[in-house]
**Q** 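What follows is a single structure, and I will ask about it in a moment.
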Amino acid sequence: MTERITSSGAPHGRRPPPPSAVPDGERPPPPRLALGGHTWREIAHLLANLPASLVGFTYVVTLLSMGAGLTATVIGLPLLAAGLLGARQLGKLERARARALLGVRVEEPTPLPLRKGGGALQRMWMALKDPVGWRTVLYEFIRLPWGIATFTVTFVSLFVLWPVLPFIARGLTNVDRAMVRALLSPSDELERRIAELESDRGVVVDTAAADLRRIERDLHDGAQARLVNLAMGLGLAKEKLLEDPDSAAAMVEEAHGEVKLALQELRDLARGIHPAVLTDRGLDAALSAVATRCTVPVKVTVDLETRPAAAIEGIAYFTVSELLQNISKHSGAKSASIDVWRADERLLIQVSDDGRGGARLDAGTGMAGLAERLGAVDGLFVVDSPVGGPTAVTAELPWRDRGDEARQR
């Protein structure tokens, strides 16, 4: 018995296998580009190096030649300053090109504070000494030979060395990435330090203003009011001195008591500004004195061979004083300790107590203000206070010798 063969080549009564039933080994792979998208972006960056470097090199040479040649005239330095500001914009464009085509994430440098620079001469000087502008000038100056080389190698490799073009492109663009990071990125440490100093300066100004307002308020509400009452009392006693000597004597006696109270308030205020014992005898005696006013027993250990600068000593004293006030008011502790020592070029302070714990910088106990004050002088403030206690607060200040402070004056 024979089977009839249809025109499709399959026996009669049987369907041909569907295309999906064809074994995978017999199907060709899907078409795809020979080079990936990332490689093509690198190639585009290398080919764009030549026009970009021509523009940048022309700008820089014109800037330097005209600015340097006209420095003897009135317009030379302003022209050079304006050229450096324009170089900043060229650097911004180059960072954007590297970010889009090479995937290099470079932070933008901090803008020059020209609006806060004072007069025109100060703003011009700020632009002339701008390190970002000068690094961009150097970048654009050395880019022309590199741009010509990368354009030539990449263009020829597209037709001659295309099998190894991805490796060539990667090697050349790695050099581009290194140049962008080295010359067009801001100095991270310098930028961070500038931002910290600007913030710390504001904290110092605010703290000084608050202290002045506190002193003025204490004088106005305390000693000044007592002295005004004293003057009025002495005036009345003077009027009654002949008419009623006994009454006048009583008023003078009352005025004498007011004088004693006013003197005590002035002493307390002076102690709050800078205690005499700190000036005369140093941290050990001053901290021992302030510890006696705490409501819990405090053990004081000060291990310092020499005294730090007066400013650092004062900050350390008021930091411990504030922490002891917090212990008295909020901790519920039975004992506390103060340890002060020097480690290399740092002054370390640790105040501990066995109270209930739970102290935080944002708890409204004045610790946030202490952290800001210490941060303003490059200090650190760390609170370790788990719920249930114990609490250990560590403050760290930069060490400056007392002699260095005298020489700076």
Side-chain angles (χ1 to χ4, degrees), residues 207 211 214-215 218 222 260-261 263-357 359 365-367 369-374 376-377 379-385 389-406:
T207 301
D211 289 341
R214 177 181 60 81
I215 294 170
D218 292 344
K260 290 183 177 179
L261 292 175
L263 287 175
Q264 182 62 40
E265 289 185 357
L266 288 175
R267 290 194 190 98
D268 293 340
L269 181 60
R271 185 183 295 112
I273 297 173
H274 198 84
V277 64
L278 178 62
T279 304
D280 297 337
R281 301 174 57 190
L283 271 176
D284 195 355
L287 295 182
S288 298
V290 77
T292 60
R293 299 197 292 268
C294 187
T295 58
V296 301
V298 181
K299 178 183 178 183
V300 179
T301 303
V302 178
D303 184 13
L304 297 176
E305 296 182 357
T306 59
R307 293 177 62 178
I312 300 300
E313 202 172 53
I315 294 173
Y317 171 82
F318 288 110
T319 299
V320 174
S321 179
E322 180 73 21
L323 291 174
L324 289 182
Q325 289 183 23
N326 287 337
I327 291 175
S328 299
K329 295 177 182 178
H330 308 291
S331 70
K334 297 181 180 179
S335 64
S337 63
I338 302 170
D339 294 284
V340 181
W341 71 98
R342 179 181 177 180
D344 296 330
E345 296 303 314
R346 309 292 285 183
L347 176 66
L348 283 85
I349 305 163
Q350 188 171 73
V351 179
S352 306
D353 66 77
D354 57 359
R356 65 176 63 95
T365 56
M367 288 192 177
L370 287 176
E372 289 181 354
R373 290 194 182 194
L374 267 67
V377 293
L380 296 175
F381 190 79
V382 180
V383 178
D384 181 14
S385 181
T391 296
V393 179
T394 304
E396 183 178 332
L397 290 165
W399 179 274
R400 291 205 302 269
D401 290 325
R402 219 168 182 80
D404 296 340
E405 187 181 51

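What you are looking at is a predicted structure, and each value in this text was computed from that prediction instead of being measured.
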**Q** Under 4.5 Å between any side-chain heavy atoms of Gln350 and Trp341, yes or no?
**A** yes
**Q** Show me the pairs that pass salt bridge (Lys or Arg N to Asp or Glu O under 4.0 Å) and involve residues 297-307, at least two apart or across chains.
**A** Arg307-Glu313
**Q** So, Ser321 side chain and Tyr317 main chain: donor-acceptor pair closer than 3.5 Å or not?
**A** no
**Q** Is Val393 close to Phe381 at the side-chain level, that is, under 4.5 Å between some pair of heavy atoms?
**A** yes
**Q** Using a 3.5 Å distance criterion without hydrogens, assess whether the side chain of Asp344 forms a donor-acceptor pair with backbone atoms of Arg346.
**A** no
**Q** Backbone N or O of Ser335 within a donor-acceptor pair of the Asp354 side chain at under 3.5 Å?
**A** yes
**Q** What do the steps show when you test Ile312 against Leu347 for side-chain contact (heavy atoms from CB on, under 4.5 Å), and what is the final call?
**A** CA-CA 9 Å; Ile312 300 300; Leu347 176 66; 3.9 Å; yes
**Q** Without swapping roles, check the side chain of Arg281 against the backbone of Leu283 for a donor-acceptor pair under 3.5 Å.
**A** no
**Q** Are side-chain heavy atoms of Val340 and Leu304 found at a separation under 4.5 Å?
**A** yes
**Q** Do Leu324 and Val298 have side chains that approach each other closer than 4.5 Å (heavy atoms only, starting at C-beta)?
**A** yes
**Q** Which heavy-atom pair separates Pro390 from Asp353 by the least distance, and what is that distance?
**A** CB-O, 3.2 Å
**Q** Quick one: does Ser328's side chain have a donor or acceptor within less than 3.5 Å of a partner on Thr295's backbone?
**A** yes
**Q** Would you say the side chain of Glu396 lies within less than 4.5 Å of the side chain of Val382, judging by non-hydrogen atoms?
**A** no
**Q** Is the shortest heavy-atom distance from the side chain of Val351 to the side chain of Ile327 under 4.5 Å?
**A** yes
**Q** Once rounded to the nearest 0.5 Å, what's the spacing between atom OG of Ser352 and atom CG of Asp384?
**A** 9.0 Å
**Q** Using the rule given for side-chain contact (heavy atoms from CB on, under 4.5 Å), can you reason through Ile338 versus Thr301, listing the C-alpha separation, both sets of side-chain angles and the distance that settles it, and then say yes or no?
**A** CA-CA 6 Å; Ile338 302 170; Thr301 303; over 6 Å; no
**Q** What's the verdict on side-chain contact (heavy atoms from CB on, under 4.5 Å) for Phe318 and Val290, showing C-alpha distance, side-chain angles and the deciding distance?
**A** CA-CA 10 Å; Phe318 288 110; Val290 77; over 6 Å; no
**Q** Quick one: pull up OG1 in Thr394 and CD1 in Ile349 and give me the separation to the nearest 0.5 Å.
**A** 10.0 Å
